[in-house]
Amino acid sequence: MTTRRKGKSSSMSSPRKTTNKGIIPDSGHSGEREENTRPTDNTAPSSFFKLWTSAPFVVIFAIMAIAFALGLQHQSQGMDLADNIINLLQDYSGAVSDVPSLSNWDAAQMPHKAQRQKQRRRTSKEVNRRLAPTLSRNMTVLIHDNGESTPAGSLYLEPKTTTSIEELKSAVGLVIDACHGGTCRVFDRYGYEIKALGALHDEQLLFAVPPSRHFVWPAFEIGHRVAVPGVTSSLPGHPIILETLSDSPRVFMLENFLSAEDADEVIETTLGITAAGFALKRSTTGTQGAVVSSQRTSENAFDTTSPVAMKLKRRVFDLLGMRPYVETWADGLQVLRYNASKAYIPHMDYLEFDSNADHNFDSASPGGTNRFATVLLYLTDVEEGGETVFPLGEPLEKEMRTTQEVQAEARARGRAADLKPGSWEEEMTETCISRLAVKPRKGRAVLFYSQHPDGRPDERSLHGACPVVKGVKWAANLWVWNGPRFGHSATSLAKEAEGKIQAVFSSAVEGVALYWETTRWGKMGPGEAELKAMTYQGHKWNVRRDEGDEHGAVLASWTIEAEKAEDGIIKYRYEG
Ligand SMILES: O=C(O)CCC(=O)C(=O)O
Ligand SMILES: [Fe+2]
């Protein structure tokens, strides 16, 4: 195995300027694969894609002819080639060059048939399981620091020296300092952890994720689009498309994330919630006791358990490469309603380190947790206004406007929305007009990260909800934490909610997980924190053998009996 280490890779300081054109594959490989792994220009499909999508048969024929010719001379080499082609298909299943550009989202067409088939291949639940545990051939892989768009170095791997995933991980440790000793997990560029060497292929981009950190989608460049493989989308045949809007702050647009029916169901479910602490009411801020703020004028509700909320919460974890789903790592789905003029001043989603003495919010420190990423779902179109604005993000389309023009437009919007002249809402509108702002569209979602890949809070993640000018904006967000969340919001409020019981679960033995019906709640064991849940009389909880994403055999079941609760709390312990 040979290691090549480049100068310390760095984040794109100016995404528009930077591309990873500088990658030079190890000798012996044409540059063509890297050319294709590079972000694709929306308007100019890469030459490979043009050929593949416009004339697949020509490509297949050419491939077969080469494979056959090689096979005659050297059978195993022909097999390698065939393997490589399959890998190639898997890798490119997510690269999108033929979806419409941002300004043309409405026209989103069906992906090309070949691409759909590739999508299905990848969607099969656990790609790694079907793959050989060994390397198929000598190959070069490019090693990226988590979340980085350019590689830190490359590794030349040979089947005879790299015989296990552990060896791959140790090799990665030679390239990436934070992975010294082989401590990192290795992900492909779609957020799938590599668990079998057979999943690797030549010139693949690999992302090294240090222990207790999570995969972060690389930005590549503004406008880079990926059809996300393996994550359920709103419509069969239409993959979720993740488009880079900004590198720093790290913001992505997600198209096809949820269907119109799902959006309607979230709203209907929300309007039906009556429990105190969950039902729709004027939004609050703060962790020490929620306070109504003049700078957050929306209404919100928490939907923690409805089937549609559970489905979307799991989808978000999948999209983030956080598998399996862990209930205690996210706040409930927070549903938001903004009537005309309502807004939320620019803020961070992560909580201040000293916001509560009982919790370590320093997410970069061992055991510290805080909000890591936000996925914001738009449940309605909004006639005018209501954008999610990132004041530190570059606008997608730069318009040459003077400050006076921007101010005049903000005032006009303010009048239309009935905003108080000189109010923070009117002032914010200037930012909405001139900085990175995402227009709500039903079914669309935005992903942004509140933490750097190493867990430090990202102060550039500042964002807010622009005042709605015309119409009503319904949205829902899921705040995903980098570990078990602080039990403030939904959970502690829920204690007060009528009829609910706080259940606390633990296990004296390793290798088991808690499930609420078919929903995985989390891992249990002597080394794990107790799992907590708000639950009802008659709810059934299962202890299963922990088999990750799969449902292991049921080892024990508990049915909630309200009369056994003391002070509204009931404890269950699995003794094995
Ligand atoms: O509604 C939006 O666009 C943003 C909402 C938000 O940032 C929040 O609720 O934390
Ligand atoms: Fe927010």
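Every value quoted in this text rests on a predicted model; they were computed, and no experiment measured them. All ligand and atom numbering here is 1-based and tracks the order in the structure.
Distances from the Fe ion (ligand 2) to each N, O or S atom of Asp349 single out OD1 as the nearest.
In Glu405, the CD atom is crowded: over 12 heavy atoms of neighbouring residues, nucleotides or ligands sit closer than 6.0 Å. The number of heavy atoms from other shown groups lying within 6.0 Å of CG (Asp454) is above 12. In the displayed structure, Gln295 atom CD is contacted under 6.0 Å by more than 12 heavy atoms of other residues, nucleotides or ligands.
Both the sub-6.0 Å distance and the 45° axial angle are not jointly satisfied by Lys442 relative to the ring of Tyr378.
Proximity of Trp541 to Trp521: side-chain heavy atoms (C-beta onward) are separated by under 4.5 Å at one or more points.
A distance-only check finds a donor-acceptor pair linking the side chain of Arg401 to the backbone of Ile433 [under 3.5 Å].
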Do any nitrogen or oxygen atoms of ligand 1 lie under 3.5 Å from a protein nitrogen or oxygen, and which ones?
residue, atom, partner, partner atom, Å
ligand 1, 1 (O), Tyr338, OH, 2.7
ligand 1, 1 (O), Lys473, NZ, 3.0
ligand 1, 3 (O), Thr388, OG1, 2.5
ligand 1, 3 (O), Lys473, NZ, 2.8
ligand 1, 7 (O), His347, NE2, 3.1
ligand 1, 7 (O), His463, NE2, 3.0
ligand 1, 9 (O), Arg296, NH2, 3.4
ligand 1, 9 (O), Asn477, ND2, 3.0
ligand 1, 10 (O), His347, NE2, 3.2
ligand 1, 10 (O), Asp349, OD1, 3.2

